[in-house]
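One structure below.
Note that these values count all heavy atoms, side chains included, but never hydrogens, waters or copies made by symmetry. Lettering of chains follows the sequences in order, A, B, ..., and the numbering in each one begins at 1. Everything numeric in this text was worked out from a predicted model, so none of it was measured.
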Amino acid sequence: MELKKRFWNEYQKEIADDHYFYARSCIRQSFNPGAEAMFLNIMKDNLHKDIIDEANQHTCTGIGYHTDIVPFYTTATIMARLFSLMTEAGYKNYVPSCVTSFGLYVEVLETWKHDPETLEKTREYLYKACKREFELPENIAHSSDIIYKFRNELKKQMKYQLINKHTGQPLRGVEHVGCHYAKVFPAFGEGGAEFPYVLAGLIESWGGEVIDYPERRHCCGFGFRNYLVLTNRSYSVSNTYKKLESMEPYQPDFILTNCPGCNMFLDRWQYTIAETQHKTYDAEGKGIPVLSHEELAALLLGYDPWKIGLQMHQVQCESLMDKIGIAYNPDEKYADINGNQLTPPDKPDFLKI
Amino acid sequence: MKDFGYSISKGRTLNYDNSDFSLKKTLEHDVVSYCRCIGCGACASTCSAAKFTDFSIFKCNMLFRNAKYDELEQELSKCMLCGKCTLVCPRGVNTRGMILEMRNLIEKNKNNNE
Ligand code: SF4
Ligand code: SF4
C-alpha cells in the first residue's frame, strides 16, 4: 500500500489555495471571451478567492514559438515580462488560461532551473528591453487545475448536475485534455501524462460519466503550423476527424476541453467535416457540443448561458442544456448588452444549428 | 460539398469488430514461411514491378495483415510472379508463393461473400 501511495504521489500536483495572478489566453479571449469572464466570476463570487486580471498583460508567444516563428529567448523574455507584472502586483501563484501557455511556461521555467545561465540572460534581456525585474512564480497551475481543486466546493453550489433529466441517467462526456497540459512535463499535470484526471474528475464529481474510447489521448489536431498554412490544414482536420470517428459509437452528449485551442478545433472542425463530408456525430445532425471547464462549471452553477457566451460556439449547446434541464431564453441569444437584437450569424449548409 | 482548399485523410484506423482476420490464419497454415517475415523490405526494394509502378510487396503484406482486402486485390494484380523477391529474402520467406496464395484466398473470400 505504502509503495502504491508513493507511486501515485508523482501523479498529483500542488495547487495554490488563494491569491492568483491570471494570465489570459489569446485564443480563448478572441473566440470564447465569456469563458474567461466566467472563470473570474467563479473565482471571485463563488469561491471568494483573490485573483488579479492584470490590464497590461500580453501574449505568451506560444503559437509563434510552436510554429518556429518566435525564438526561445524572445519567448522567455516576453514571459519574464508577464512574471514581472505578477511580481509588481505582489502575487506568487501564476494561473494561465491557456494550456499551450501553461506547457510553455513550464518549459521555460524548467529550462531556467536546469540551465541557470538562461535565466540570467533572460533577466538581462528583460532589463535592457524595459527596465523590469521579476521573481519566479512559487506555484503554477492551469485554470482547469484550480476548478479541479475546488470541484467539490463548486458542486455544493451547483443548480444542475450532469444528469439527463429525461432518463435520470448520467450524461456521457468525452474529456479532451490538451497535449501541452501534461504530455511534455508529466509532473506538472494532475494525473500525469498517462492518467490525466483534471477533466475526468470534473465530469465524475458533477454527476456525469466519462467515456473511454480508443483515440482518447490523441491530439485535437491544432498542431500550430499544421493550421497556419491553408494547405496544411488537412493534417489538422484529419486528426480531429479521427477522434470524432473514434468517439462516435459511444454517443457522447458533450466534449469537455481545458485548452482553448482544442476547444476551438474540436468545435469548428465539426462544421468543416459536416460541410465537406456531410457527416455529423449526433443523432440530430447538430454535432457534439464542446465546452471548456469554465463554461461547464458556470453552466451548472446556473449562470446565464448567453452570458457564458455559448452562442459563440460553432456547435450550439441547446441540446445539452435541454438534456440537463437548464432554462434559457432563446430571444436573448443574439441580444447585445443593452438587449438590442444583433444580426444572427449565417447558418451552415449542412450542420444544423 | 464545400471546398475549403484542403482535404480530410480518412486515416488507417482498424476496427477489430468489423474486420475479418481469418484469411491470415489460413495463409499462415498454407505458406508457413510467411510467419517468418520481419518486415525488412528487402523484397520490395528488389522487385521489378515496383521499379515501374507504385507496387510494394511490403505494403501488400501490411494490407493483408490489416484485412484490407479490397485495396489489396488491386495491388496484388501488379505482381508478375517473377520470384526475384524470394531470392533476396533474408528469412527465406516464399514471397512468390505468398502472393499467389493471397490472390487465391481473396478470390475465394469474394466468392463466399457473394
Ligand atoms: S524480404 Fe522477407 S523478411 Fe523482408 S519484408 Fe520481404 S518477405 Fe519479409
Ligand atoms: S514476384 Fe512479384 S513481388 Fe516478387 S519481385 Fe517479382 S514482381 Fe516483385
Cross-chain donor-acceptor list, chain A x chain B, under 3.5 angstrom:
from	atom 1	to	atom 2	distance (Å)
A:Ser234	OG	B:Ser7	O	2.6
A:Ser238	OG	B:Ser9	N	2.8
A:Glu275	O	B:Lys2	N	3.4
A:Glu275	OE1	B:Lys2	NZ	3.4
A:Gln277	OE1	B:Lys10	NZ	3.2
A:Asp349	OD2	B:Lys2	NZ	3.1

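- More than 12 heavy atoms of other residues, nucleotides or ligands sit less than 6.0 Å from atom NZ of A:Lys183.
- A:His176 is linked by a ring-ring contact (aromatic ring centres under 6.0 Å, His included) to nothing, counting only residues two or more places apart in sequence or in another chain.
- Contacts of A:Glu194 classified as salt bridge (Lys or Arg N to Asp or Glu O under 4.0 Å), with partners at least two apart in sequence or in another chain: none.
- Listed by first then second residue, pairs satisfying ring-ring contact (aromatic ring centres under 6.0 Å, His included) with a partner in residues 39-62 of chain B number zero, not counting sequence neighbours.
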